[in-house]
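Notes for the one structure printed next.
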Amino acid sequence: MFQLAVYGKGGIGKSTMSANISLMLAQHGHRVMQIGCDPKHDSTRLLLRGGSQRTVLDYVREVPEGDRRLEDVMVEGSGGVLCIESGGPEPGIGCAGRGILTAFETIGRLGADRAGADVRLYDVLGDVVCGGFAVPLREENADGVIIVTSGEFMALYAANNIMKGIRRFTPERPRLIGIVLNSRGVEGEEETVCRFAAATGTRVIATVPRDRLFASAEAAGRTVCELFPGSDAAKAVGAVVDRIEDVISGAGMDIPSPLDDDQLSDLAAGREIRPGRRNAVDLPACPGCARSTSRRQKYSCASCGAVMALARLRDSAVIIHGPRSCAYLMDSAYLSTVADLYTGGVYDDPMPDNIYCTCMDDSAAIFGGADSLRGTMESAYADGFREVAVVTTCVSGMIGDDCDAVARGFRSSHPDVGTTVLSTDGVINGDYLEGTDAAVSELIRSIDPSVGPVPGEVNLIGASFFDLQCPDAAAELRRMLGVFGLRVNCRLLDDTTMGSVRGFCRGTVDILLNEDRASDFEDRIAARLGRSRERVRLPTGPYEYAGWLRRMSEVTGIPCEAEEDWARSMTSRFMEDHRDVFEGRRIVLSTVIPRNMDWLVDALTDMGAVIVRFGYAKGPDERCGVTVRYRDMLTFDYGKKGMSEDWGALHPDLLLYDLDIPDGYPGRSMRLSRIGPGVVPPLRLLGSISDALSTGSRGCTE
Amino acid sequence: MINGPDGLTGAIMAIESIPGATVLLHGPGGCRIRNSLLSMALVPREDRVWGAYREPFYAGYSRVPASYIDGEDFVGGAVHRLEEALEVVRREGAELIAIIDSPGASLMADDHRRAMSDLGMDDDVIVMDGQTMSAPMRRTYGRTLGEVLRRLSLGSGPVRKGTVCIIGLTVLDPCWEDVLEEFSAYLVDMGLEVLCSPGAGASVSDLRLSVEAEYCVTVCPESSDGVSGFYRDAGVEVVSSDDAPMGFDSTRRWILDVAEATGRDPSVALERLGRREGRARRKADGMRYGMMRIEGMTFSACAPPSVLRPLASWLGGLGMVPVSLIEEDANPSRMVPADIVFCDGNTALRMESGRRCRASVSTGGAVLGSDGFVTRTIYGSAGAEHILDTVLRASRGR
């Protein structure tokens with residue numbers, strides 16, 4: 001079978017030419033299949049007496065896969081030409097390029113190859129605007145290409161782009177059959193097109209006259225070749241068909257040399273075309289992308305970061321506008337992080353079932369996903385959610401779904417609902433952290449500055465609540481706040497509600513968690529409100545706790561001497577009991593997680609231990625949240641290799657790490673998992689370290 | 001919502017189920033990492049070295065390398081990334097490389113064949129063209145595997161009498177290795193030799209050998225779509241029941257169906273199953289009052305029809321009440337709260353964490369970090385015991 005693609009600028013007459021070529025080839029004894037690859041699906045109209053047919057993509061949308069048959073989308077037209085229309089979305093929505101791909105895959109699966117055609121002609125929409133529209137141009141789909149053009153500059157510009165596409169796919173294989181000049185009556189048109197053909201290394205195979213017979217034939221829903229077989233127009237088509245048949249019989253085709261911009265300007269101005277500076281096709285699609293490894297690789301996507309953040313709002317539905325795989329992969333990540341917290345007693349309430357997905361499939365990617373988004377928002381509403389956040393993914397971002405418009409429409413029919421649209425577009429608009437940041441920014445924007453403070457209420461702020469997410473830590477926090485009669489208003493961002501975020505200013509004090517991004521969040525909140533708020537950092541360990549008590553006493557006016565005495569005596573007792581275990585022991589402290597470990601350095605050294613290495617996994621240029629007072633002790637870029645080397649060189653009694661150690665590390669090691677605030681959890685951790693040192697067993701805190 | 005795996009994970013894991021084969025995911029890192037971890041966790045390999053793969057496109061994880069396309073690539077195309085990634089993956093020496101597009105990449109229509117051709121790898125790489133976007137996981141798994149079998153150009157060889165392949169089992173089925181072990185034992189009891197299990201640990205050379213099998217026996221028909229058709233075309237007789245072998249009765253029916261189709265004596269296999277069933281019955285008798293609590297308990301399930309039917313019949317026989325039975329991949333869908341839920345691992349965990357059930361049973365789609373070491377399958381006698389155990393424990397306090 002010979003496969004032929006007819007390309008050219010939109011409106012240049014490709015479909016008219018294609019139908020005439022198909023018919024004449026059929027009249028010459030060929031079994032021809034014409035496939036229209038234009039969403040407006042009118043390629044085969046002139047072969048069907050002006051009628052239209054069901055498109056492949058409509059068919060795919062309407063008929064389940066197991067029930068599909070080729071005959072349902074293939075109609076026999078004039079001359080026995082087999083007619084198929086791919087179809088596509090309405091203008092401005094969806095992805096027509098993906099539609100072409102799907103249509104090709106579908107007719108392939110339905111057995112188009114077995115339909116008996118010996119010539120297949122693809123009539124392709126306009127320019128080669130994206131990969132999808134270039135599919136018919138691929139080597140496996142087109143043995144030869146015909147370009148239809150007029151002498152107008154934009155038509156020639158499009159023809160030049162098509163040549164670039166041909167060269168890009170097959171730089172060394174001749175596949176261009178030639179140019180068909182479809183005359184528009186422009187002055188000097190034939191000469192211009194001939195110069196263009198000569199400059200690009202191809203030929204004009206036919207000049208189709210500007211002839212009112214085309215209009216007459218079209219009005220009758222027929223081809224010129226059928227109605228006016230002896231006309232000049234039909235003869236011109238005959239010249240094209242002769243050339244095609246020559247090619248089928250083995251005649252040579254051309255490898256085009258597309259022009260660069262300067263050469264095109266010369267052509268348009270009627271000047272002699274200067275030599276090309278370089279072959280226009282040799283330029284990569286994006287010069288900056290020539291080596292992908294030179295760009296930062298994004299290991300996760302912004303959509304995932306946004307979903308992980310927004311799902312923490314238990315009164316808010318998060319709708320992932322994308323394929324089901326996005327929901328599966330993101331939900332897996334989410335569940336592996338938080339599910340245990342709900343079953344493990346960290347939170348009083350059960351985990352909300354608030355992650356939705358529009359489950360975009362191929363059809364939604366082609367025709368647009370607005371309907372499925374609207375439907376999913378309705379489902380969330382029916383489930384009782386009055387806050388709905390939409391997070392876009394690569395697919396919805398690429399096809400350009402107008403999610404804001406859908407959200408506006410939804411709000412107008414449900415005025416009691418708050419909506420947020422985060423156009424993270426998967427990996428297009430950043431990575432995981434950027435997605436989280438976008439979500440937090442959106443939440444900060446929703447804070448109502450007019451809300452007044454409520455005595456006794458505080459906010460907790462942090463990007464990670466990791467250290468608080470175990471029952472012991474949660475109990476200690478409750479105890480610490482209870483000393484001053486405080487309760488939590490908003491946890492930004494942990495299990496909380498949109499209502500508490502809006503009413504953020506009810507909190508009289510913001511308590512920042514033990515990590516550096518908490519300060520960043522607080523700065524953004526201050527910028528949003530136009531004023532700084534009272535802030536206190538959540539303490540870890542006995543020394544920080546003493547300072548915290550004094551500070552909170554100032555803020556609340558509630559005395560704390562009794563608590564100070566209790567904490568001091570508890571700490572003293574612990575140190576007395578364990579000092580002999582720590583005295584002189586050599587400890588390597590290795591950390592990846594950016595949380596302040598000063599308290600641990602203080603505690604270990606105060607009990608007589610020697611910290612022979614304080615390693616941090618990242619470099620000195622990055623924001624270093626692991627210490628405030630001991631930066632000069634830090635070894636940066638410290639990892640498994642360093643740990644292995646230090647085992648031999650420094651002979652530590654214990655390696656304390658928080659994420660990973662070398663496989664088969666020979667010494668004693670202990671993982672620092674959740675630490676917890678205040679006094680009790682840190683002392684418990686120190687107790688575990690003491691056990692590890694005294695028993696010599698490998699331990700692990702949880 | 002039911003947020004179980006779809007065709008993307010199905011296609012990826014179908015390839016990753018084949019030792020010696022590797023997926024090259026043409027897509028962003030976000031689509032890669034969980035699938036990479038799934039592959040490392042579910043398929044036994046020699047190369048599970050955490051953090052050792054420092055090359056670009058591997059980023060520390062040995063499985064499912066990706067081209068790591070980003071926003072600029074979505075506009076400008078990413079064949080160059082694919083070429084670079086292919087070069088790196090080639091160095092790892094896989095017997096078979098399969099390129100699978102992420103949903104976003106599938107819209108770009110990059111010309112994979114050009115990348116392969118530029119590197120002279122036309123014969124070494126398979127491009128999976130099918131649509132995976134929100135497609136059913138099991139069906140895509142089977143079809144992907146069927147496509148691999150076709151691309152391997154396996155001719156039908158001489159039939160090896162008395163041999164059998166097990167199909168319709170995926171590495172995403174909970175504890176698939178235990179299932180394979182149990183059903184292989186039944187087949188051996190019937191005097192059949194198990195050549196391999198395409199889609200569940202069969203290597204490339206196993207797959208080449210598989211066309212010589214006299215029979216293929218099916219565990220879950222929905223997971224064998226595409227595979228069974230291939231073997232039928234290759235002249236291998238495919239034995240398949242409407243119901244998957246879950247619960248003692250359906251497992252017995254499975255053994256009898258295989259025996260009938262292959263002309264073998266099922267008595268030894270039935271005896272093996274009977275021993276397990278008898279033990280379960282004795283235990284149940286010993287826990288008489290505990291078992292009485294089961295009556296009236298509710299269950300809801302989302303699973304393939306071949307699993308739903310025997311499940312509903314078996315649990316109904318125990319006096320349990322179905323409140324919702326949903327065919328897997330029905331869309332959109334939400335699990336109905338019940339005492340026990342049967343669904344994909346993600347949704348099961350979500351139902352438990354949300355206290356919308358007393359206990360859950362995963363029917364597929366592993367949740368990393370919740371795997372455990374105990375056999376928690378749904379198929380065969382081990383599956384029956386696991387389900388009974390879960391139901392019994394959940395009945396406490398009723």
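Letters A, B, ... mirror the listed sequences (proteins, then strands); counts begin at 1. As the structure is a prediction and not an experimental result, all values here were calculated from the model.
- A:R109 CZ: more than 12 foreign heavy atoms inside a 6.0 Å radius.
- The two atoms that bring B:D6 and A:S325 nearest to each other are OD2-N, 3.0 Å, heavy atoms only.
- Most heavy-atom pairs under 4.5 Å with chain A: of the set B:C31, B:G27, B:P103, this distinction falls to B:P103.
- Residue A:M351 forms a side chain to side chain contact (heavy atoms under 4.5 Å, CB included) with just one option from B:M351, B:R350, B:R355, and that option is B:R350.
- Across all non-hydrogen atoms, the minimal contact from A:Y299 to B:A59 is CE2-CB, 3.3 Å.
- When the candidates A:D425, A:I399, A:D349, A:T376 are compared by the number of heavy-atom contacts under 4.5 Å with chain B, A:D349 comes out ahead.
- Considering every non-hydrogen atom in both A:Y328 and B:N346, the closest pair reads O-ND2, 3.3 Å.
- Contacts between B:T132 and chain A at a heavy-atom distance below 4.5 Å are absent for every atom of the residue.
- Checking side-chain atoms of A:S300 against main-chain N and O of B:G30 turns up no donor-acceptor pair under 3.5 Å.
- Per-residue heavy-atom pair counts under 4.5 Å with chain B were compared for A:C304, A:A333, A:C95, A:G375, and the maximum is reached by A:A333.
- For A:V395, the parts lying under 4.5 angstrom from a heavy atom of chain B are both the backbone and the side chain.
- Contact of B:L107 with chain A is made through backbone and side chain together, with heavy-atom distances under 4.5 Å.
- Using modelled atom types, one side-chain atom of A:D353 and one backbone atom of B:M1 make a donor-acceptor pair closer than 3.5 Å.
- Residues B:R334 and A:Y356 bring a donor and an acceptor atom of their side chains to less than 3.5 Å of each other.
- Heavy-atom distances place both the backbone and the side chain of B:D111 under 4.5 Å from chain A.
- In this structure, the portions of A:T102 lying under 4.5 Å from any heavy atom of chain B include both its backbone and its side chain.
- Contact of A:Y347 with chain B is made through the backbone alone, with heavy-atom distances under 4.5 Å.
- Contacts of A:L101 with chain B are made by side-chain atoms alone, with heavy-atom separations under 4.5 Å and no backbone atom involved.
- The distance from the CZ atom of A:R324 to the CG atom of B:L8 is 12.5 Å, given to the nearest 0.5 Å.
- Of all the heavy atoms in B:I69 and A:V427, the pair that sits closest is O-CG1, 3.8 Å.
- Expressed to the nearest 0.5 Å, how far OG of A:S363 lies from CD of B:Q131 amounts to 10.0 Å.
- To the nearest 0.5 Å, atoms CD (B:E352) and CG (A:D340) are separated by 10.5 Å.
- Residues B:R356 and A:P352 come closest through the heavy atom pair NH2-C, 4.2 Å.
- Interface remark: of the candidates B:G104, B:A78, B:G354, B:G354 forms the most heavy-atom pairs closer than 4.5 Å to chain A.
- A:S332 and B:R34 get closest at one heavy-atom pair: O-NH2, 3.6 Å.
- In terms of non-hydrogen atom pairs under 4.5 Å with chain B, the most contact-rich of A:V135, A:D383, A:I100, A:T393 is A:D383.
- For a residue to count as touching a neighbouring chain, one of its non-hydrogen atoms must lie under 4.5 Å from one of that chain's; by this rule A:N429 does not touch chain B.
- Taking A:P323, A:C301, A:A302 one by one and counting their heavy-atom pairs under 4.5 Å with chain B, the maximum is reached by A:P323.
- Only the side chain of A:T343 has a heavy atom closer than 4.5 Å to any heavy atom of chain B.
- Taking chain B as the reference chain and counting heavy-atom pairs below 4.5 Å, the highest number among A:I366, A:D361, A:T170 is found for A:D361.
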